[in-house]
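Reviewing the structure listed below.
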There are 2 protein chains.
Amino acid sequence: MDISDRKKRILRAIVESYVESAEPVGSKAICSDLGLSSATIRNEMAELTALGLLEQPHTSAGRVPSSKGYRVYVNELMHDRTLSAQETFELNNALRQRITKLDSLLADAGRLVADFTHYPVYALTAGSSGMKIRRFDFILVDKNTLIVVVMLDNDQVKNKLLHFPAGIDEALVRKLSTVFNSGFTGLESSEITHELVSACETACGDTEGIVASVAGFAIAALDEAAPRQAYLSGAASILEHPEYRDPDKAQRILAYLSDDSKLMTLPAPDESGEVKILIGPENVAEELSDSSVVVASYDLGGDVKGLLGVVGPTRMDYANISAHLSYLARELRIFLGGAGTLPQLGSGPPGPDEK
Amino acid sequence: MDISDRKKRILRAIVESYVESAEPVGSKAICSDLGLSSATIRNEMAELTALGLLEQPHTSAGRVPSSKGYRVYVNELMHDRTLSAQETFELNNALRQRITKLDSLLADAGRLVADFTHYPVYALTAGSSGMKIRRFDFILVDKNTLIVVVMLDNDQVKNKLLHFPAGIDEALVRKLSTVFNSGFTGLESSEITHELVSACETACGDTEGIVASVAGFAIAALDEAAPRQAYLSGAASILEHPEYRDPDKAQRILAYLSDDSKLMTLPAPDESGEVKILIGPENVAEELSDSSVVVASYDLGGDVKGLLGVVGPTRMDYANISAHLSYLARELRIFLGGAGTLPQLGSGPPGPDEK
DNA sequence: TATTAGCACTCTATGCCTCTGAGTGCTAAA
DNA sequence: TTTAGCACTCAGAGGCATAGAGTGCTAATA
């Protein structure tokens with residue numbers, strides 16, 4: 001945006017005052033900070049309004065930043081907010097204390113951010129895994145019962161108990177092991193076709209649907225390895241903010257945020273940036289068109305990303321929120337990175353010999 | 001409650017009118033239905049107010065049922081509401097369509113009730129399992145990697161991948177299998193003591209902590225087999241009801257409902273009844289003292305129960321909600337009963353050969 | 001004796017009015 | 001180019017009268 005330096009300073013002052021007070025900002029309120037008379041600022045304000053960066057709720061009120069105004073602020077005027085030692089200490093503390101199980105990492109991380117920011121936070125996974133099968137094992141429990149164990153590319157292990165009334169013997173189990181380990185390893189979910197399964201059934205001489213059951217389980221295991229999950233935390237805190245004092249407005253946005261399938265469509269930061277800020281109408285979803293979203297991503301192993309999104313009014317402390325989010329995303333990256341690929345997601349707490 | 005028949009009819013009329021309209025009920029509004037003049041009803045109303053069954057927002061307003069009034073209504077006056085064929089059809093339809101995976105049964109059931117009732121609904125598990133271990137299996141992946149598979153009493157199977165930098169050989173795996181299968185089967189989580197683990201370490205000649213890792217996993221598997229879970233659905237719909245138009249009030253109750261640990265403390269129906277109704281101050285939690293909860297339970301196998309709780313203002317259509325809840329709880333019981341003990345909770349979708 | 005019609009009374013909600021004050025835009029002076 | 005000054009605008013608060021719903025009480029009625 002090509003505007004004079006003084007206009008920028010004024011815009012910044014207005015944004016920051018408004019973010020703090022939630023009251024339209026008058027010319028007097030900021031003139032002392034800028035060393036200019038209120039009249040001068042009034043003139044500049046009029047021009048900023050003409051440029052579409054400020055808005056006036058009514059003639060005799062102060063100015064409020066428009067979405068465009070916030071965008072200019074975020075892109076050009078926002079001071080980098082680095083967290084204080086005290087703040088990083090607290091954040092780290094909370095992280096270590098509350099994120100213990102990888103199982104619930106997504107939900108826990110969301111809750112943590114919600115507690116720190118006092119805004120609703122969604123946490124979700126994005127991206128597909130292209131996960132592959134590494135090996136099959138079969139455990140014969142008794143003549144009707146078989147446990148299938150599948151180990152995936154990223155060291156996840158999944159199992160399933162199957163009952164076969166027709167009965168199974170050791171020989172069949174060995175044959176299954178050979179056929180599945182030679183025919184199915186290295187395959188993705190989509191590569192396990194009906195033809196392949198039929199071929200294996202012939203190879204095993206299986207007429208009881210055993211092969212089909214095992215193959216079905218393998219597909220399910222692959223699909224579940226990188227499930228799309230979504231959690232919402234701190235929903236109630238939306239009501240703290242004056243923008244959402246109107247119950248209808250609050251209800252609309254809460255209903256939107258409670259719908260997992262809608263959350264799934266929310267955007268992730270681009271490859272380059274670590275935090276993405278969407279202001280008001282920049283949100284595709286109509287329900288968010290007068291709210292803002294600050295979203296950060298971190299790797300969950302494979303092609304899977306974790307997303308943490310803070311939702312609030314456009315009058316948000318963008319600097320503060322994005323500082324917290326990007327710090328936390330970085331910490332999560334380290335936290336997860338230390339374990340190499342994602343270990344054992346969904347199968348118990350880390351043992352003493354896991355890094 | 002020992003009151004005249006006519007008073008009961010009047011109380012019922014007031015409750016039902018108020019539940020529908022959310023407006024204080026005047027004597028004129030119900031006199032035609034009861035074939036009495038408004039003056040007579042006014043006299044009765046005054047007495048019902050003296051008895052504490054009705055309240056008056058202010059002198060020149062109609063009457064509103066008190067918590068005590070609702071209690072009398074629920075205990076003595078409420079007509080049994082049986083769902084119409086149309087309604088059971090729709091409910092069944094929704095049930096079959098939306099509850100497919102046992103994994104997410106709890107959450108799905110909650111969401112379903114929330115959609116039908118337009119109130120927030122919590123779904124949670126209650127009770128402990130006393131689950132035991134049935135057998136151990138060990139799969140040696142390579143010389144540093146071992147998969148432990150544990151089968152529990154209720155046919156659940158859990159696994160974990162362990163890395164041991166020091167290396168493992170076939171002989172050790174066989175020894176582990178013998179020791180664990182003889183020493184640990186039939187034990188509950190609490191019975192796996194430090195002494196037992198030490199004894200096994202000696203028996204296996206293990207100095208690398210392998211035994212400890214496996215035992216730790218076994219404990220975790222037992223504890224996780226019947227986890228306490230909680231889900232909240234339809235939170236946003238609380239704002240639809242005039243009682244919660246005040247954002248502060250709405251926020252308080254939403255914050256309460258969003259706290260899983262607080263939900264866990266909510267009561268379950270007694271052994272006898274299938275639906276329990278808690279009206280206003282009957283709720284122990286202060287946050288719920290001007291709200292009501294209707295809660296139903298259904299068996300989840302073992303000693304574990306599933307709870308479905310509908311939360312709303314005391315001005316609730318108790319007959320309708322409890323009819324829906326008890327019907328649904330019954331259906332879930334059938335749905336789950338068909339599968340005997342809870343099969344495979346948390347380990348993949350049902351295969352074609354599971355009953 | 002139980003019920004009802006009638007009436008005075010109470011109290012909230014609504015609309016209307018005025019007043020206040022914050023903030024503006026414009027003009028003229030510095 | 002900046003600033004002081006001034007007239008103007010408009011939302012919001014407070015005061016006031018009014019309408020209307022509903023009550024409690026009394027006296028008449030069945």
Side-chain angles (χ1 to χ4, degrees), chain A residues 3-11 13-66 69 242-243 245-247 315, chain B residues 3-11 13-66 69 242-243 245-247 315:
Chain A
I3 51 177
S4 77
D5 227 53
R6 194 169 70 180
K7 281 201 181 58
K8 287 185 180 176
R9 284 211 317 280
I10 291 173
L11 178 57
I14 291 174
V15 169
E16 284 169 4
S17 162
Y18 184 61
V19 163
E20 204 200 307
S21 70
E23 302 277 314
V25 181
S27 52
K28 266 191 204 144
I30 51 169
C31 65
S32 63
D33 300 339
L34 292 162
L36 292 165
S37 77
S38 65
T40 312
I41 298 197
R42 273 205 293 286
N43 288 328
E44 295 281 45
M45 277 175 157
E47 289 176 45
L48 284 167
T49 308
L51 287 168
L53 301 180
L54 295 178
E55 279 165 0
Q56 228 173 345
H58 54 85
T59 344
S60 71
R63 299 310 210 283
V64 162
S66 67
E243 283 83 354
R245 299 247 83 180
D246 171 16
R315 181 187 64 81
Chain B
I3 51 177
S4 76
D5 227 53
R6 194 170 68 181
K7 281 202 181 57
K8 288 185 180 176
R9 285 212 315 281
I10 291 173
L11 178 57
I14 291 174
V15 169
E16 286 171 2
S17 161
Y18 184 61
V19 163
E20 204 200 306
S21 71
E23 301 278 313
V25 181
S27 52
K28 267 191 203 144
I30 52 169
C31 65
S32 64
D33 301 340
L34 293 162
L36 292 167
S37 78
S38 65
T40 312
I41 297 196
R42 272 204 294 285
N43 288 328
E44 295 281 45
M45 278 176 157
E47 289 177 46
L48 285 167
T49 308
L51 287 168
L53 301 180
L54 294 179
E55 279 165 0
Q56 226 172 345
H58 53 86
T59 346
S60 71
R63 298 307 208 287
V64 163
S66 67
E243 282 83 356
R245 298 248 85 181
D246 171 16
R315 181 187 64 80

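Chain naming here is simple, since letters A, B, ... match the order of the sequence lines and numbering starts at 1 in each.
Between A/Pro57 and A/Gly62, the closest heavy-atom pair is CD-O, 3.4 Å. Across all their heavy atoms, A/Leu11 and A/Gly69 have their closest contact at CD2-O, 4.1 Å. Summarising the geometry of B/Ser66 relative to B/Glu55, their closest heavy-atom pair is CB-OE2, 3.5 Å, with the distance given to 0.1 Å.
Panel note: side chain B/Arg315, backbone B/Val19; a donor-acceptor pair is recorded below 3.5 Å.
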Taking N or O atoms only and anything under 3.5 Å, show me the protein contacts with nucleotides 1-4 of chain C, one pair per line.
unit_1	atom_1	unit_2	atom_2	d
C/dT3	OP1	B/Arg6	NH1	2.7
C/dT3	OP2	B/Arg6	NH1	3.4
C/dT3	OP2	B/Arg6	NH2	3.2
C/dT4	OP2	B/Ser37	N	3.1
C/dT4	OP2	B/Ser37	OG	3.2
C/dT4	OP2	B/Thr40	OG1	2.4
C/dT4	O5'	B/Ser37	OG	3.4

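For the side-chain hydrogen bond (donor to acceptor under 3.5 Å, both in side chains) condition, the pairs that include at least one residue of residues 19-28 of chain B, sequence neighbours left out, are B/Ser27-B/Arg42.
Put simply, the side chain of B/Arg63 does not reach to within 4.5 Å of the side chain of B/Leu48, judged on heavy atoms. Here the side chains of A/Glu44 and A/Leu36 are not in contact, with every heavy-atom distance at 4.5 Å or above.
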- Task: Check the pair B/Ile3, B/Leu53 against side chain to side chain contact (heavy atoms under 4.5 Å, CB included), reporting the backbone distance first and the verdict last.
- Result: CA-CA 11 Å; B/Ile3 51 177; B/Leu53 301 180; 4.1 Å; yes
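Here the P atom of nucleotide C/dG23 and the CG atom of A/Leu54 are 15 Å apart, to the nearest Å. Spacing between atom CZ of A/Arg63 and atom C1' of C/dA22 amounts to 13 Å, rounded to whole angstrom units.
Scanning DNA chain D 5' to 3' for nucleotides with an atom closer than 4.0 angstrom to a non-hydrogen atom of chain A gives a first and last hit of D/dT2 to D/dA11.
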